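Here the structure is laid out as structure tokens; the discussion comes afterwards.
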Amino acid sequence: MARLPAGSRAVVVLEGSTMSDEVYDFEAIQARWLPVWDDIAPFRSGRPDDPRPKKYVLDMFPYPSGDLHMGHAEAYALGDVIARYWVQRGFNVMHPIGWDAFGLPAENAAIKRGADPRAWTYENIATQKASMRRYACSFDWDRVLNTCDPEYYRWNQWFFIEMFKRGLAYRKASAVNWCPSCQTVLANEQVVQGLCERCDSVVTKKKLTQWYLRITDYADRLLDDMAQLEGTWPEKVLLMQRNWIGRSTGAEVHFAVEGRTEPVTVYTTRPDTLFGATFFVVAADSELAAELAAGTPAEPEFLAYLERTKQASEIERLSTERPKTGVFLERYAINPVNGERLPIYAADYVLADYGTGAIMAVPCGDQRDLDFARAYNLPVVNVIESDTDPNETGVAVTGDGRHINSGFLDGLGKAEAIAAMTAWLDERGLGTASTNYRLRDWLISRQRFWGTPIPIIHCERCGEVPVPAEQLPVTLPEARDLDLTPKGASPLGAADDWAIVTCPTCGGSARRDPDTMDTFVDSSWYFLRFLDPSDETRAFDPEAARQWFPVDQYVGGVTHAILHLLYSRFFTKVMHDMGLVEAVEPFTRLLNQGMVLMDGSAMSKSRGNLVRLSDELATHGVDAIRLTLVFAGPPEDDIDWADVSPAGSKKFLARAWRLAGEVQAPVGADPRTGDLAVRRATARALHEAAQAVESYRFNVAIAKTMELVNVTRKAIDTGAGPADPAVRAAVEAIAIMLSLVAPYTAEDMWARLGHEPSVFLAGWPAVDPALLVDDTVTCIVQVAGKVRGRLEVPADITADALQELALADVDVQRSLAGRAVRTVVVRAPKLVNIVPEA
RNA sequence: GCCCUUGUGGCGGAAUGGCAGACGCGGCGGACUCAAAAUCCGUUGUCGCAAGACAUGUGGGUUCGAGUCCCACCGAGGGCACCA
């Protein structure tokens with residue numbers, strides 16, 4: 001075909017299109033379509049007669065602090081691609097959004113500026129909701145929920161009571177994080193490097209009575225059910241959850257203690273090293289330590305040590321380099337296998353709340369025990385054969401090995417020795433096989449205002465009495481009457497009007513529990529409330545759950561890899577046991593998007609590298625920003641805003657949009673009568689883009705769309721021309737592909753092409769498989785693995801014919817330079833590799 | 001310390017064991033313009049006039065053929081960190 005001189009396209013456009021003088025005006029396009037979509041609500045889901053198969057696509061809902069930012073923009077753009085894709089593929093997609101609206105920032109704003117947390121929260125929600133609408137995600141706006149609405153949190157309370165009835169919610173006293181300056185309990189996530197995140201005070205421990213959920217009962221199921229998520233959740237997240245749950249197997253061993261009637265039990269993963277136990281350690285802050293020390297000459301020293309331990313900051317405690325310290329309690333335990341007297345120490349390197357809070361110390365095989373033994377001149381008995389002596393090197397022998405100095409275990413390896421010792425202990429009632437977990441029960445009570453009130457009434461006569469179901473929700477009192485400044489006790493406790501009630505059981509005077517729930521409770525089941533956020537009779541309809549649950553695709557940040565996802569999995573299993581849901585896992589597939597950075601680091605006001613989403617949207621338009629975020633790279637990777645080009649995205653969108661104004665073939669023109677090359681390019685782009693989207697390679701899907709735009713541009717300018725029906729089909733395909741990521745541009749193109757809204761419901765065009773196969777292909781001919789020639793051959797060429805052709809090739813012959821051919825590898829029709837004699 | 005992930009042009013990134021660098025950003029040259037912006041066309045891994053050679057962190061290995069698989073090392077990022 002004739003190559004037209006540069007610049008000739010302008011002539012074609014002037015002759016061929018009445019729209020050629022229009023420019024891509026994203027503001028006008030946004031203004032044009034947003035009201036139309038509000039009107040036709042293309043993403044309303046859940047009509048009972050909908051015959052389409054379902055998909056539940058869920059984005060982690062935002063916390064309403066200020067307006068949306070770049071991170072939100074990326075996450076929601078990615079989730080939207082997936083949701084919109086499945087709509088185009090003919091699924092009944094539920095894609096809801098809501099607000100995770102309880103939490104500390106609202107209270108902090110109240111304390112700092114006197115704002116009402118409720119008003120502050122709802123204002124922010126309104127701001128974010130407006131931004132979200134403009135951002136044009138395919139959310140079903142009839143399903144919005146806010147966790148701070150009493151209509152929502154009453155069901156938190158209902159679940160809490162159900163769990164309380166099942167023994168899954170309970171109160172106990174234990175040491176919790178405490179900020180002496182803020183006078184409040186802190187959640188683990190509020191302790192940053194051992195310091196309070198608000199005031200930078202050193203966090204200490206304090207013994208307090210708190211509410212817990214018995215997640216440890218579900219440890220095995222949380223661990224074992226992960227097999228179902230293998231391959232559909234990021235391996236990293238599964239690994240982090242496994243580590244967090246931290247299941248270990250070993251044995252409990254009972255040690256007699258001189259002067260004590262009851263034996264003391266320890267947990268060990270290495271019962272096989274029992275012959276190497278040379279001393280015994282109890283956690284300094286355990287009740288057992290206090291009991292053992294009581295009345296001994298060591299008691300004063302122990303008490304002083306305990307005091308120092310309590311003062312020790314988190315920073316010190318977390319340091320592994322810290323030298324081991326402890327106090328000899330002047331008491332002895334008896335090693336059950338050989339009757340040796342083991343001195344008992346109290347030390348802070350043993351944790352009170354793991355295992356039994358006491359250990360047998362085997363210095364030859366445990367680094368910590370060895371460190372302690374060397375610090376306190378305690379004997380080391382080697383029980384695992386090794387070239388090195390731990391007592392000399394200071395390095396414990398931790399792996400497998402032949403047992404020595406171990407009586408009946410001598411000569412055995414680790415696995416056999418563990419089995420033999422466990423059996424030996426079991427027979428004599430001295431011990432038993434046992435499993436332990438690092439996972440602790442979930443502390444859910446907070447001494448804070450802006451959260452779900454714990455629906456328990458404390459009655460002096462009846463104890464902990466759940467609020468009767470018909471009295472739910474227990475709503476929060478007005479904030480303005482309360483002092484929200486943290487003082488170590490919940491502000492709700494001071495609201496006598498609210499707190500003093502009659503006991504539901506005995507009718508006597510009683511008080512409401514003053515604490516509120518951890519906000520992670522709110523987010524542990526919100527995905528089920530979306531089934532019908534307005535249901536006043538129950539948390540959700542089990543029948544609807546059967547239809548929609550589990551979530552097919554969950555999208556959110558990896559920051560929630562452990563807590564939120566673990567808690568949601570836990571809640572789902574509890575609800576399964578309650579007969580409310582069939583599934584045991586809430587999220588079938590999980591996608592963790594990366595972060596949006598600026599100049600290599602996270603954006604923050606203090607760093608001065610904040611890129612404001614609203615500014616970017618105003619400058620480049622919604623579509624260009626969404627496109628930029630999705631095209632930047634694989635969704636899991638971080639995006640450095642300094643590396644990407646929203647202006648380039650806008651340029652591409654304008655280029656695509658202009659095509660729609662140039663198409664001259666009428667609506668409905670049969671593309672099969674059009675240009676074959678354009679038809680092939682269109683089919684390939686649709687096919688490859690679909691595959692890319694389904695494997696999370698959204699950036700590649702966009703690249704395929706760009707390729708089709710380039711092909712179509714050339715076809716209009718120098719090929720088939722604007723009146724070719726295949727060109728129309730190509731531009732329509734571009735509009736549909738673009739609808740996943742650039743909804744405004746796509747809808748406007750669709751209208752310019754003469755269609756009614758909405759392009760979102762146009763459907764992914766069917767691809768004729770015949771168009772994906774070319775008649776001829778380029779065959780690569782290699783000599784000794786290096787490309788030496790290319791052959792245009794029929795796609796169905798036989799291996800023999802191809803080999804003959806390749807050997808006859810001039811370039812090949814020249815490369816061979818007379819050398820004899822040893823072998824020829826033929827992969828018809830794409831490749832021939834000719835291997836010459838050396 | 002332990003575990004995981006990851007190293008490809010100036011940059012973001014493509015690539016079922018089969019043409020490395022798709023697509024884009026940036027750069028360069030040109031067209032249009034009084035001029036600029038916008039737009040369009042061409043070009044762009046390195047060295048070399050060219051033929052060609054060299055190129056996916058480094059070194060080995062498997063293979064007809066390795067960015068891709070295996071081993072070792074180096075660098076970057078992340079997770080866990082007294083859990084007995």
Side-chain angles (χ1 to χ4, degrees), chain A residues 3-10 13 23-24 234-240 242-244 246-248 250 266-270 273 281 283 317-322 324 347-351 353-362 365-369 371-372 398 436-440 558 561-562 627-628 631-634 636-649 651-652 654-655 658 688 692 697 699-707 709-710 713-714 717-718 778-790 822-827 830-836:
Chain A
R3 160 71 37 98
L4 297 188
S8 63
R9 195 194 61 83
V13 172
V23 292
Y24 177 74
E235 196 48 51
K236 187 165 99 170
V237 173
L238 295 176
L239 188 72
M240 283 165 76
R242 258 181 221 115
N243 291 341
W244 186 265
R247 180 162 64 191
S248 76
V266 304
Y267 172 74
T268 176
T269 55
R270 293 296 300 270
T273 61
V281 188
R317 206 188 63 75
L318 287 174
S319 168
T320 24
E321 265 94 89
R322 181 164 162 253
K324 297 276 179 288
D348 64 359
Y349 84 90
V350 171
L351 306 177
D353 60 350
Y354 182 78
T356 62
I359 62 154
M360 64 179 211
V362 183
D366 183 288
Q367 191 59 48
R368 296 153 302 180
D369 296 345
D371 293 344
F372 192 87
T398 54
N436 246 296
Y437 305 89
R438 291 179 47 179
L439 183 70
R440 305 295 152 82
V558 74
I562 300 176
L627 179 70
T628 303
F631 183 57
E636 307 85 355
D637 290 2
D638 291 346
I639 297 170
D640 194 325
W641 198 247
D643 290 336
V644 296
S645 171
S649 298
K651 196 168 100 176
F652 163 70
R655 208 165 122 82
R658 258 181 270 116
E688 290 176 356
R697 286 148 52 239
N699 55 328
V700 177
I702 291 169
K704 299 299 172 190
T705 312
M706 288 173 166
E707 284 178 352
V709 167
N710 292 342
R713 177 76 269 155
K714 275 210 175 68
D717 292 347
T718 61
T778 306
C779 175
I780 304 305
V781 186
Q782 300 177 331
V783 176
K786 296 195 185 227
V787 180
R788 295 297 154 161
R790 290 180 171 75
R822 187 158 56 128
T823 29
V824 181
V825 179
V826 184
R827 294 284 178 275
K830 301 198 68 151
L831 179 124
V832 178
N833 187 14
I834 297 161
V835 187

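Every chain is numbered from 1 and lettered A, B, ... according to where its sequence line falls, protein lines coming before strand lines. Since this is a predicted model, take the numbers as computed values, not measurements. In what follows, every heavy atom counts, from backbone to side chain, and hydrogens, waters and symmetry copies are set aside.
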Task: Whole-angstrom distance between rG21(B) and rA14(B), as gauged at atom C1' - done: 7 Å
Task: Proximity to the side chain of Ile562(A) - top-ranked nucleotide from rC80(B), rC82(B), rG24(B) - done: rC80(B)
Open item on the list: Please name the nucleotide paired to rG12(B) by Watson-Crick or G-U wobble geometry with both distances under 3.5 Å, or report none.
Closed with: rC23(B)
TODO: From the options rG24(B), rA84(B), rC19(B), select the nucleotide whose nearest atom is closest to the side chain of Thr778(A).
DONE: rC19(B)
Open item on the list: Categorize Asn833(A) for me: base, sugar-phosphate, or nothing, with a 4.0 angstrom heavy-atom threshold over every strand shown.
Closed with: base
Task: rG67(B) pairs with, by Watson-Crick or G-U criteria that keep both distances under 3.5 Å - done: none
Task: Sugar-phosphate only, base, or nothing, as touched by Val835(A) at under 4.0 Å among non-hydrogen atoms - done: sugar-phosphate
TODO: Verify whether one side chain among Asn710(A) and Arg655(A) offers a donor that lies under 3.5 Å from an acceptor in the other.
DONE: yes
TODO: Could you please name the partner base of rU39(B), counting Watson-Crick and G-U wobble pairs only when both distances are under 3.5 Å?
DONE: rA31(B)
Task: Closest heavy-atom pair and its distance - Asn833(A), Ala784(A) - done: OD1-N, 3.6 Å
Task: Spacing of the P atoms in rG52(B) and rC3(B) (rounded, Å) - done: 49 Å
Task: CG on Asp366(A) to CZ on Arg270(A), rounded to 0.5 Å - done: 9.5 Å
Task: Atom-to-atom span, CZ of Arg697(A) to C1' of rA22(B) - whole angstrom - done: 12 Å
TODO: Return the nucleotide paired to rC73(B): Watson-Crick means purine N1 to pyrimidine N3 with N6-O4 or O6-N4, wobble means G-U with N1-O2 and O6-N3, both under 3.5 Å.
DONE: rG57(B)
TODO: Quick one: label Asn436(A) by what it contacts on the DNA or RNA (base, sugar-phosphate, nothing), any heavy atom closer than 4.0 Å.
DONE: nothing
Open item on the list: Taking the C1' atom in each of rU39(B) and rU46(B), what is the distance between them to the nearest angstrom?
Closed with: 33 Å
- [ ] Figure out the CZ/P separation between Phe631(A) and rA22(B), and round it to whole Å.
- [x] 11 Å
Open item on the list: By the 4.0 Å heavy-atom rule, please label Glu235(A) as base, sugar-phosphate, or nothing.
Closed with: nothing
- [ ] Check whether any side-chain nitrogen or oxygen of Lys236(A) sits under 4.0 Å from OP1 or OP2 of rC3(B), and answer yes or no.
- [x] no
Task: Plane angle bin for Phe372(A) and Tyr349(A) - parallel if under 30°, tilted between 30 and 60°, otherwise perpendicular - done: tilted
Open item on the list: Could you tell me the Watson-Crick or G-U partner of rA81(B), where both distances fall under 3.5 Å? Say none if there is no partner.
Closed with: none
- [ ] Considering only atom P, compute the distance from rA22(B) to rA15(B) and round it to an integer number of Å.
- [x] 12 Å
Open item on the list: Counting the atoms with a prime plus P, OP1 and OP2 as sugar-phosphate, which does Ile359(A) contact under 4.0 Å by heavy atoms, base, sugar-phosphate, or nothing?
Closed with: base
Open item on the list: Among rC64(B), rC40(B), rG12(B), which nucleotide has an atom closest to any side-chain atom of Asp643(A)?
Closed with: rG12(B)
Task: Nearest-nucleotide pick for Thr268(A), side chain only, options being rA84(B), rC40(B), rC19(B) - done: rA84(B)
TODO: Report yes or no: is there a donor-acceptor pair, N or O only, under 3.5 Å between the side chain of Arg790(A) and the base of rC19(B)?
DONE: yes
- [ ] Measure the distance from CH2 on Trp641(A) to P on rG12(B) and round it to the nearest whole Å.
- [x] 16 Å
- [ ] Measure the distance from CG on Leu351(A) to P on rC82(B) and round it to the nearest whole Å.
- [x] 7 Å
Open item on the list: Give me the distance, rounded to whole Å, that separates rA20(B) from rA66(B) when you measure between the C1' atoms they each carry.
Closed with: 11 Å
Task: First encountered from the 5' end of RNA chain B, between Lys651(A) and Lys786(A) - done: Lys651(A)
Task: rA38(B) versus rA31(B) - spacing of their C1' atoms, nearest Å - done: 14 Å
Open item on the list: Using only modelled atom types and a 3.5 angstrom limit, is any donor from either the side chain of Lys324(A) or the base of rC82(B) paired with an acceptor on the other?
Closed with: yes
Task: Nearest-0.5 Å distance, OG of residue Ser649(A) to CE of residue Met706(A) - done: 6.5 Å
TODO: Determine if the base of rG9(B) is syn or anti; take syn to mean the glycosidic torsion is within 90° of 0.
DONE: syn
Open item on the list: When the P atoms of rU62(B) and rG79(B) are compared, how many Å lie between them, rounded to an integer?
Closed with: 39 Å
- [ ] For Glu707(A) and rA22(B), give me the distance from atom CD to atom P, rounded to whole Å.
- [x] 10 Å
Task: Sugar-phosphate, base or nothing in reach of Thr823(A), heavy atoms under 4.0 Å - done: nothing
TODO: Identify whether any heavy atom of Arg788(A) sits under 4.0 Å from a base atom; if not, whether one sits that close to sugar-phosphate; answer base, sugar-phosphate or nothing.
DONE: sugar-phosphate
Task: First of Thr269(A) and Lys704(A) reached from the 5' end of RNA chain B, by closest nucleotide - done: Lys704(A)
Task: Euclidean distance, atom CE of residue Met240(A) to atom P of rC4(B) [Å, nearest integer] - done: 15 Å
Open item on the list: Rounded at 0.5 Å granularity, tell me how far CD1 in Ile702(A) sits from NZ in Lys704(A).
Closed with: 13.0 Å
Open item on the list: Mind checking if Val558(A) touches a base, just sugar-phosphate, or nothing, with heavy atoms under 4.0 Å?
Closed with: nothing
Task: Separation of rC82(B) C1' from Asp353(A) CG (nearest whole Å) - done: 13 Å
- [ ] Can you figure out which of rC23(B), rA84(B), rC80(B) approaches the side chain of Val350(A) most closely?
- [x] rA84(B)
Task: Rounded interatomic separation in angstrom, taking CG from Leu831(A) and P from rA15(B) - done: 20 Å
Open item on the list: Please determine whether a side-chain nitrogen or oxygen atom of Tyr349(A) lies at a distance below 4.0 Å from atom OP1 or OP2 of rA84(B).
Closed with: no
- [ ] Indicate the atoms forming the closest heavy-atom contact of Gly250(A) with Tyr267(A), along with that distance.
- [x] N-OH, 3.5 Å
Task: Candidate nucleotides rG13(B), rG24(B), rU39(B), ranked by approach to the side chain of Arg658(A) - the nearest - done: rU39(B)
Task: Arg827(A) side-chain N/O to rC64(B) phosphate OP1/OP2 under 4.0 Å - done: no
TODO: Would you give the length of the straight line joining atom CD of Glu235(A) to atom CZ of Arg242(A), rounded to the nearest 0.5 angstrom?
DONE: 6.0 Å
TODO: Return the minimal non-hydrogen interatomic distance between Pro646(A) and Trp641(A), and the atom names on each side.
DONE: CG-CZ2, 4.0 Å
Open item on the list: Using atom P in both nucleotides, what's the gap between rG24(B) and rC70(B) to the nearest angstrom?
Closed with: 33 Å
Open item on the list: I'd like to know if Gln367(A) reaches the base of rG1(B) with its side chain, counting only an N/O donor and acceptor under 3.5 Å.
Closed with: no
Open item on the list: Quick check for you: among rC23(B), rA15(B), rA84(B), whose closest atom lies nearest to any side-chain atom of Ser248(A)?
Closed with: rA84(B)
Task: Nucleotide nearest Asn699(A) (side chain, heavy atoms from C-beta), chosen from rA14(B), rC64(B), rG24(B) - done: rA14(B)
